Structures are given as C-alpha cells and as structure tokens.
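Keep in mind that what you see is a predicted model, and the values were worked out from it rather than measured. We're numbering straight along the sequence, starting at 1.
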Amino acid sequence: MIRPILYRIFSSLITYLEVQLFLNLASLPLLIAWGLPFSLMTPVSNLFFNPFLFILLFLSSLIFFSELFFLPNTFLITCLEKISQLSSIVFSWGNSSWLIELPTIHPLILLAMPLFSFFILHSKIFNHPLKRIAGFTATLIFFTALLKYNTQTKPSIEKIACNENELTIMRANAKTVIIDPGALGKRASSISWVEYTLVSHLISSYGTSTIDHLIILQPNSCTLSAVARLAQCCTIKNIYLPYWHGDAPKNFMRSYGMLRAAVNEHETTIERLGKKPTQLRIGSNACASLVPTKSSIAYETISYPAYQVELSILNQKIRINSLKLRSIDNQSSTN
C-alpha cells in the first residue's frame with residue numbers, strides 16, 4: 001500500500017522537475033534579453049510557492065464570497081492570516097546569491113536555447129524522464145557557462161541616456177564605476193528608471209548588477225531617493241557624495257535618511273567628498289580622479305563644492321563635470 005503511494009509521489013516530482021527545467025531553458029533567452037537574473041532555485045522555489053499561492057487565492061475567494069453573501073468568515077480570515085505569515089517566513093529564506101546574472105550574447109545563441117529544449121523533449125535519444133532531466137540540466141549548465149565566459153572583460157567607457165542627459169559607466173577589471181552629473185535629480189521618475197532601466201542595462205551589458213563606485217556630483221532630494229531605491233535593487237559598494245553646507249531642506253534630509261537606511265541594510269559605504277582630491281584605482285589600467293573646483297553649487301538652502309571627475313582608461317582620458325558646473329563654465333566663457 002505504501003509503495004504505490006511513494007511511487008506516485010516520486011513520479012509526480014520527476015514530472016514536475018522535468019517541466020520546470022524545460023520551462024527554465026526555454027524562457028532563459030527572454031530573461032537575458034530583458035536584463036533579468038536567473039535563479040538557481042526556481043524549480044525548488046516553485047514547488048513551495050505554487051501551493052501557497054493556490055491556498056491564498058482560494059481562501060481570498062472564499063472570504064470575498066462570504067462577505068458578498070453576509071456569511072460568517074472569521075475562521076477563514078484567521079486561516080488566511082496564518083498562511084500569509086507562514087508564507088512570509090518561507091519566502092524570507094530567499095538569498096540573492098542564488099541569482100545568476102547573464103549578459104546578452106549573439107541572438108543565434110539565444111535562439112539555440114529553446115531549440116535545444118524542444119530537441120531534448122521530442123528526441124528518441126531522451127526517451128525517459130530521467131534522461132530528459134539530465135539533458136535539460138546539462139544544457140542549462142553549458143549555456144550558463146558559455147554566457148559567463150563571454151562576459152565583457154575589455155575596459156570600456158559608455159554613456160547611457162537619462163532624463164535628457166546621461167550617466168557615464170566605466171567598466172574595468174571586473175569593477176563598475178558610475179558617474180551621475182545630476183541627471184538622476186532632474187525627474188522623480190528616476191526612482192523607477194534606476195530599477196527597471198539601469199539595473200537591467202548593467203546585467204545585459206556586463207553580466208552583473210554590482211556597482212563598485214557610484215559617484216554623485218549634484219545631489220538633491222530626487223537623486224538621493226533614486227540612489228536609495230538603487231541600493232535596494234542591486235549591490236552598491238561605495239557611494240560618493242559632496243559635503244554640503246547650510247541647513248538642508250526637510251525633503252532633502254528625508255531622502256537622505258532613506259538612503260542611510262538602505263545602505264545600512266545592505267552594508268554600503270557612503271564616502272563624503274570635501275576639498276581634497278580623491279583617486280580611485282580600478283586595477284592597473286584604469287583610474288577615476290575626483291577633483292574639486294573653485295566653484296560651488298547651490299541647492300535651495302545648501303551649497304557644496306563642484307567636482308570634476310577625470311577617467312583614465314587605456315591611455316584615454318575623459319573629464320566629466322556636474323550639470324550646473326557646465327552652465328557656470330558656459331556663462332563664464334560667454335562673458
């Protein structure tokens with residue numbers, strides 16, 4: 001009696017694992033194209049998530065109809081609360097180390113992934129569920145290793161459009177440096193832009209969302225809110241902000257408090273820029289120099305020194321100024 005039950009459970013788990021591996025392999029090109037990470041725990045997590053989701057939806061439906069027809073539902077609400085608490089505990093076990101971030105590669109290689117998955121599914125060679133599971137697993141490992149191997153390693157500097165301006169991204173020696181001259185502070189929509197555009201761009205271009213150095217040249221309340229959201233979406237190791245003088249506005253300090261809370265939670269370091277130059281060595285062939293100028297930038301009731309960032313990479317030098325410093329320089333040259 002027990003053996004048939006165990007055999008059915010085992011067969012169901014094998015079928016479930018086969019379907020999950022097939023779906024993961026077939027959908028992997030979409031995740032890569034959208035700049036989304038791939039979770040190693042997807043097959044296992046779905047095994048826990050789907051029953052919780054079904055129970056939550058089922059109880060919510062019963063509560064809705066009981067309210068609609070004026071039926072007692074105290075017991076149902078209690079069950080829903082307990083299941084919600086239990087599901088929160090289970091989902092809190094998630095870890096970002098389970099995520100694999102893969103860069104975009106040639107479209108033909110991406111197309112090969114679903115083709116391989118359909119080949120394994122219909123081939124006579126893989127005529128047993130265990131063989132198909134082995135085939136899906138080996139194919140996933142092969143393409144993951146191939147994409148990781150082809151991650152861009154050559155030092156580079158690129159600019160990404162943001163709020164009619166641009167951020168500068170320097171990638172060298174497996175480290176990422178981002179300089180914001182003030183583009184993030186132009187619009188409140190920057191909070192969603194860093195989450196859905198910047199992070200996906202980093203993953204699709206470099207195969208990582210980790211930012212080693214984030215340099216903010218022109219902070220305001222919108223900028224700090226956007227950086228706080230960015231710190232929750234990805235790993236930022238160091239954030240550089242200029243020292244400000246004066247009584248900061250309430251909205252500015254509120255955004256700064258959100259940033260401090262986010263960086264404390266994710267072990268990010270905030271470096272304050274004063275009147276002395278700061279040099280960041282990015283390996284042996286790249287460097288970022290933060291040089292204060294004689295000008296200062298005013299924002300409502302505060303002011304802070306205007307900085308220039310000089311990027312040196314492979315004998316190439318690029319100078320980046322804050323947006324307000326550019327306008328100051330333009331007015332000086334005009335006069």
Could you state the interatomic distance from [atom1] ([X]) to [atom2] ([Y]), rounded to the nearest 0.5 Å?
X	Y	atom1	atom2	result
Glu18	His128	CD	NE2	9.5 Å
Leu56	Ser60	CG	OG	6.0 Å
Ile160	Leu202	CD1	CG	7.5 Å
Cys287	Glu310	SG	CD	9.0 Å
Glu67	Leu62	CD	CG	12.0 Å
Ile55	Leu80	CD1	CG	11.0 Å

Step through the shown structure and confirm whether more than 12 heavy atoms of other residues, nucleotides or ligands are within 6.0 Å of [atom1] on [X].
X	atom1	value
Phe143	CZ	yes
Lys82	NZ	no
Asp247	CG	no
Tyr16	OH	yes

Which pair of non-hydrogen atoms, one from [X] and one from [Y], has the smallest distance, and what is that distance?
X	Y	result
Ser209	Ile203	CB-CG1, 3.9 Å
Pro114	Pro29	CD-CG, 3.7 Å
Pro129	Ile14	CB-CG2, 3.6 Å
Glu195	Val199	O-CB, 3.7 Å
Ile313	Pro155	CD1-CB, 3.2 Å
Pro37	Glu101	CB-CG, 3.9 Å

Can you find a side-chain donor-acceptor pair between [X] and [Y] that sits under 3.5 Å?
X	Y	value
Gln308	Asn321	yes
Arg171	Thr176	yes
Ser312	Lys317	no
Ser225	Ser255	yes

Quiz item: How would you list, by chain and number, every residue that makes a side-chain hydrogen bond (donor to acceptor under 3.5 Å, both in side chains) with Asn163, sequence neighbours excluded?
Solution: Ser190

Would [X] end up clustered with [Y] when hydrophobic side chains under 4.5 Å apart are linked, directly or stepwise?
X	Y	value
Phe70	Leu68	no
Phe116	Val19	yes
Ile297	Tyr243	no
Leu110	Leu115	no
Phe118	Leu23	yes

So, [X] side chain and [Y] main chain: donor-acceptor pair closer than 3.5 Å or not?
X	Y	value
Tyr206	Ala174	no
Thr293	Ala306	yes
Asn73	Leu76	no
Thr197	Val194	no
Lys186	Cys222	no
Tyr304	Pro219	yes
His266	Ala262	yes

Practice problem: Kindly determine whether Leu28 and Phe38 satisfy side chain to side chain contact (heavy atoms under 4.5 Å, CB included), including the steps that lead there. | Solution: CA-CA 7 Å; Leu28 189 57; Phe38 168 72; 3.9 Å; yes

Quiz prompt | Chi angles and distances behind the side chain to side chain contact (heavy atoms under 4.5 Å, CB included) call for Cys162, Trp193 | solution = CA-CA 8 Å; Cys162 173; Trp193 183 87; 3.7 Å; yes

Practice problem: With sequence neighbours excluded, give me every ring pair (Phe, Tyr, Trp, His ring centres under 6.0 Å) pair touching residues 156-191. | Solution: none

Practice problem: May I have all residue pairs that pass ring pair (Phe, Tyr, Trp, His ring centres under 6.0 Å) and include part of residues 268-300, sequence neighbours excluded? | Solution: Phe252-Tyr299

Quiz item: What's the verdict on ring pair (Phe, Tyr, Trp, His ring centres under 6.0 Å) for Trp244 and Tyr256, showing C-alpha distance, side-chain angles and the deciding distance?
Solution: CA-CA 12 Å; Trp244 57 80; Tyr256 183 68; 5.2 Å; yes

Flag side-chain contact, heavy atom, 4.5 Å: [X] against [Y]:
X	Y	answer
Val263	Thr269	no
Leu59	Ile77	no
Leu217	Val309	yes
Leu280	Thr278	yes
Pro277	Pro292	yes
Lys175	Thr210	no
Asn238	Leu214	no
Glu158	Thr168	no

Self-check item: Candidate list Leu311, Ile178, Asp212, test side-chain contact (heavy atoms from CB on, under 4.5 Å), partner Met170, passing option
Solution: Leu311

Quiz item: Among Leu21, Asn24, Leu25, whose side-chain contact (heavy atoms from CB on, under 4.5 Å) with Ser117 holds?
Solution: Leu25

Quiz prompt | Steps toward side chain to side chain contact (heavy atoms under 4.5 Å, CB included) verdict (Phe142, Met113) | solution = CA-CA 10 Å; Phe142 170 76; Met113 296 181 192; over 6 Å; no

Self-check item: Derivation of the side chain to side chain contact (heavy atoms under 4.5 Å, CB included) call for Leu230 and Ile211
Solution: CA-CA 10 Å; Leu230 182 62; Ile211 302 172; 3.8 Å; yes

Self-check item: From CA spacing to verdict: ring pair (Phe, Tyr, Trp, His ring centres under 6.0 Å), Phe126, Phe136
Solution: CA-CA 10 Å; Phe126 303 93; Phe136 291 139; 7.9 Å; no

Practice problem: Show the numbers, then the answer: is there a ring pair (Phe, Tyr, Trp, His ring centres under 6.0 Å) between Tyr240 and His213? | Solution: CA-CA 8 Å; Tyr240 299 85; His213 304 284; 5.7 Å; yes

Practice problem: Verify side chain to side chain donor-acceptor pair (under 3.5 Å) between Asp180 and Gln218, making sure each step is shown before the conclusion. | Solution: CA-CA 8 Å; Asp180 171 35; Gln218 193 173 296; over 6 Å; no

